[in-house]
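Comments concern the structure below.
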Protein chains: 2
Amino acid sequence: MKPTIKDIAKKIGVSVATVSRVINNRSGYSPETEKKVLKAINKLGYYPNALARGLVGKKIKTIGVLMPSVSSMVASKILSGIEDAAHNKNYSVIICNTDNSGKRTINYLRVLREKQIDGIIVVSEILTDEYINVIKKMEVQVVLVSTIDKGNNFTYIKVDDIKAAYQTTEYLINKGHKNIAMISGTKNDVVAGIPRVKGYLKALEDYGLSKKKENLVYGDFSFDSGKICMAKLLKQSPKISAVFAASDEMAIGALSAAYRHRINVPEQLSVIGYDNTTLAQMTTPPLTVLSQPFYQMGYEGLSMLISKIKGESVENKILPHIIIERQTVKDINR
Amino acid sequence: MKPTIKDIAKKIGVSVATVSRVINNRSGYSPETEKKVLKAINKLGYYPNALARGLVGKKIKTIGVLMPSVSSMVASKILSGIEDAAHNKNYSVIICNTDNSGKRTINYLRVLREKQIDGIIVVSEILTDEYINVIKKMEVQVVLVSTIDKGNNFTYIKVDDIKAAYQTTEYLINKGHKNIAMISGTKNDVVAGIPRVKGYLKALEDYGLSKKKENLVYGDFSFDSGKICMAKLLKQSPKISAVFAASDEMAIGALSAAYRHRINVPEQLSVIGYDNTTLAQMTTPPLTVLSQPFYQMGYEGLSMLISKIKGESVENKILPHIIIERQTVKDINR
DNA sequence: ATGAAAGCGCTAACAG
DNA sequence: CTGTTAGCGCTTTCAT
């Protein structure tokens with residue numbers, strides 16, 4: 001059987017309290033007893049039982065991460081950052097793939113609660129009132145990564161999407177483009193949909209470019225929707241010289257559709273993506289993108305959560321974004 | 001404070017044992033008490049403490065998953081399958097990104113042990129003797145997904161790589177190719193390197209094709225290495241008509257290099273990938289691949305682990321693979 | 001510096 | 001049907 005603190009106490013004739021002290025580096029024992037205890041621990045192959053520790057009131061050092069899909073490129077990058085940070089701080093992370101299912105989310109929340117986790121990170125989820133209520137009742141610390149809730153009840157870390165989309169559009173404008181289309185993500189998505197369209201529209205306006213209705217189409221962030229949207233665009237608005245896609249996948253879909261229609265990128269049409277997932281550098285030609293710092297978002301998000309767990313007060317954080325120039329945007333000024 | 005079983009017992013004047021009984025659907029209480037208990041539970045917002053339950057000896061219903069990188073396309077697909085299955089069986093999964101670091105792996109193993117997890121899944125890791133020894137000492141159930149250990153000590157689920165590589169090569173041969181190159185993965189990788197080369201070579205042999213040394217180059221599964229290897233191949237073995245890459249990423253790297261060298265795929269050169277990650281369908285032209293059932297591997301791997309936890313005996317499992325024809329391989333017979 | 005004992009929340013005999 | 005009680009492994013006063 002697994003040796004317990006009792007076993008090692010008995011073996012060397014001290015009390016369990018003493019053993020506990022040395023295990024936890026508390027003060028109150030002589031160097032000799034320490035040596036004896038350590039030796040016995042080693043010999044018996046003892047290791048503490050985290051459940052028992054957790055029961056007594058100490059933290060279990062585990063957090064839960066809720067995300068719509070663990071296998072999406074974006075989510076897995078963020079997860080990777082979370083995981084790295086957690087490892088550095090000696091926390092474990094339980095993943096919860098909500099699959100955008102309300103029932104599943106609520107169920108996960110219940111399980112996490114039962115397992116006494118110390119905090120939760122919500123990644124890229126659209127937070128419904130139902131979730132918010134359940135989470136509030138849980139009395140755990142929460143950090144939102146790459147998302148936000150209406151009431152700003154929860155601490156978040158993300159990129160400023162309006163600004164990022166604005167600058168992406170501005171970048172195209174600076175390259176001489178005047179007839180710029182946008183392939184937006186899901187129409188009513190308050191996090192990654194609406195704000196990006198807003199930024200796009202604002203830039204057009206500020207630069208005195210006309211906002212044509214036929215230049216704005218809506219996909220759902222996926223590759224296939226990018227393909228479809230591009231085809232649509234080519235048909236209803238053939239004069240565009242550049243298209244801004246609200247995700248890398250849609251941008252790649254656009255590339256694919258352009259190829260099929262024998263339109264050369266970037267010679268005849270410029271394309272810019274959004275996210276900078278691993279995919280972006282693998283396309284031919286490599287995709288110019290607005291890059292979001294996903295890994296960092298995860299890493300810092302976890303750090304913020306730990307701070308909150310420790311009782312420190314934590315501010316919301318907006319991370320900087322940059323444009324990574326590759327080969328899908330043509331400067332038509334020259 | 002969080003209500004406990006005691007609180008609800010006190011509130012309605014029954015013993016904690018009774019409350020425990022109804023919570024666990026044991027027999028031994030009247031319908032009326034049940035109703036009262038349920039009502040109190042609801043009113044007080046009670047939920048069980050999994051740590052306490054785990055302490056008493058019951059399972060904690062949590063497993064650990066070790067993988068070299070959570071953000072790789074392959075790993076995240078497998079993880080997705082594991083997670084889905086775990087959710088269906090009411091288990092939680094703790095992810096451990098080993099980053100191919102021995103120290104990190106050992107550390108994770110220690111933490112998992114302390115947290116009393118019920119089992120672990122090792123994904124795509126090369127198992128060193130050190131890991132094997134540590135895991136054996138832990139006395140937990142183990143399943144290997146998409147990997148294998150030398151001694152076959154552990155239950156595994158994977159694809160037959162030799163056979164798959166053989167058939168991939170055979171597929172190319174059947175399409176009329178005679179001068180077939182291979183971009184292998186890491187040279188000494190016993191799981192995804194050596195076996196695939198073996199299958200490739202065997203097919204050439206069986207079909208009486210010459211095994212030219214300059215037709216076989218070694219990358220490391222990455223996109224960049226695929227690019228480099230393709231360039232090398234084009235230089236040292238310009239007469240090849242097809243190349244088999246041991247990963248999608250390398251295949252896409254090959255596509256990219258071909259494009260840069262103005263070689264038309266598949267007109268002048270056929271390329272076939274291995275894995276069928278999401279990437280494969282997004283390239284232009286879409287990549288023909290040997291498809292591994294990653295999601296299923298994860299899903300069934302988890303199921304096997306649960307069976308083992310329950311004490312059932314479980315057989316190793318070889319999953320079927322298929323070739324998915326897209327547009328990067330030309331039939332040069334006609 | 002060390003030990004005894006209470007108790008974290010729960011389950012599982014054992015007794016009624 | 002229901003209650004009492006003894007732990008699970010550990011931490012934490014409170015004594016000594």
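First the proteins, then the strands, lettered A, B, ... as listed; each starts at 1.
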**Message:** Just to verify, what does A:Q296 make a side-chain hydrogen bond (donor to acceptor under 3.5 Å, both in side chains) with, not counting sequence neighbours?
**Reply:** A:E300
**Item:** Test: A:R21 cationic atom under 6.0 Å from A:Y29 six-membered ring centre, within 45° of axis
**Value:** no
**Request:** Flag the pair B:E83 and A:R104 as a salt bridge only when some basic side-chain nitrogen lies within less than 4.0 angstrom of an acidic carboxylate oxygen.
**Result:** yes
For nucleotides 12-16 of chain C, print each protein N/O atom paired with a nucleotide N/O atom at under 3.5 Å, atom names and distance only.
residue: C:dA12; atom: OP2; partner: B:R26; partner atom: NH2; Å: 3.3

**Prompt:** Between C:dC8 atom C1' and B:L51 atom CG, what is the distance in whole Å?
**Reply:** 10 Å
**Prompt:** Does A:K150 pair with A:D129 as a salt bridge, N-O distance under 4.0 Å?
**Reply:** yes
**Item:** Those residues of residues 29-38 of chain A lying under 4.0 Å from DNA chain C by at least one heavy atom
**Value:** A:Y29, A:S30, A:T33
**Request:** Please state whether the phosphate of C:dC8, meaning OP1 or OP2, lies under 4.0 angstrom from any side-chain nitrogen or oxygen of B:K6.
**Result:** yes
**Prompt:** Among all residues two or more places apart in sequence or in another chain, which pass the side-chain hydrogen bond (donor to acceptor under 3.5 Å, both in side chains) test with A:D160?
**Reply:** none
**Distance in angstrom units between A:L55 CG and C:dA6 C1', rounded** = 14 Å
**Prompt:** Cut-off 3.5 Å, side chains only: do B:T62 and A:K115 have a donor facing an acceptor?
**Reply:** yes
**Request:** Would you classify A:G28 as touching base, sugar-phosphate or nothing, given that sugar-phosphate means primed atoms plus P, OP1 and OP2, and contacts are heavy atoms under 4.0 Å?
**Result:** base
**Prompt:** Nucleotide range of DNA chain D contacted by chain B, 5' to 3', under 4.0 Å to a heavy atom?
**Reply:** D:dC1 to D:dG9
**Request:** Using distance alone, with no hydrogens and no angle criterion, decide if B:K317 and B:T155 have a side-chain donor and acceptor under 3.5 Å apart.
**Result:** no
**Request:** Return yes if a side-chain donor-acceptor contact under 3.5 Å exists between B:H87 and A:N107, otherwise no.
**Result:** yes
**Whichever of A:V19 and B:A52 has its nearest DNA chain D nucleotide further upstream toward 5'** = B:A52
**Asked** Quick one: is B:Y46 getting a side-chain N or O under 4.0 Å of the C:dC10 phosphate, OP1 or OP2?
**Response** yes
**Request:** Answer with yes or no whether the side chains of A:S72 and A:S69 bring together a donor and an acceptor at under 3.5 Å.
**Result:** no
**Prompt:** Salt-bridged, B:R110 to B:E114, with N to O below 4.0 Å?
**Reply:** yes
**Request:** Send over the distance from B:K10 NZ to C:dG9 C1', rounded to a whole Å.
**Result:** 13 Å
**Item:** Whole angstrom value for the distance that separates C1' of C:dC8 from CG of A:N49
**Value:** 13 Å
**Prompt:** For A:D118, which residues count as a salt bridge (Lys or Arg N to Asp or Glu O under 4.0 Å) partner, sequence neighbours excluded?
**Reply:** none
**Asked** How close or far is atom C1' of C:dG9 from atom CD1 of B:I60, stated in whole angstroms?
**Response** 12 Å
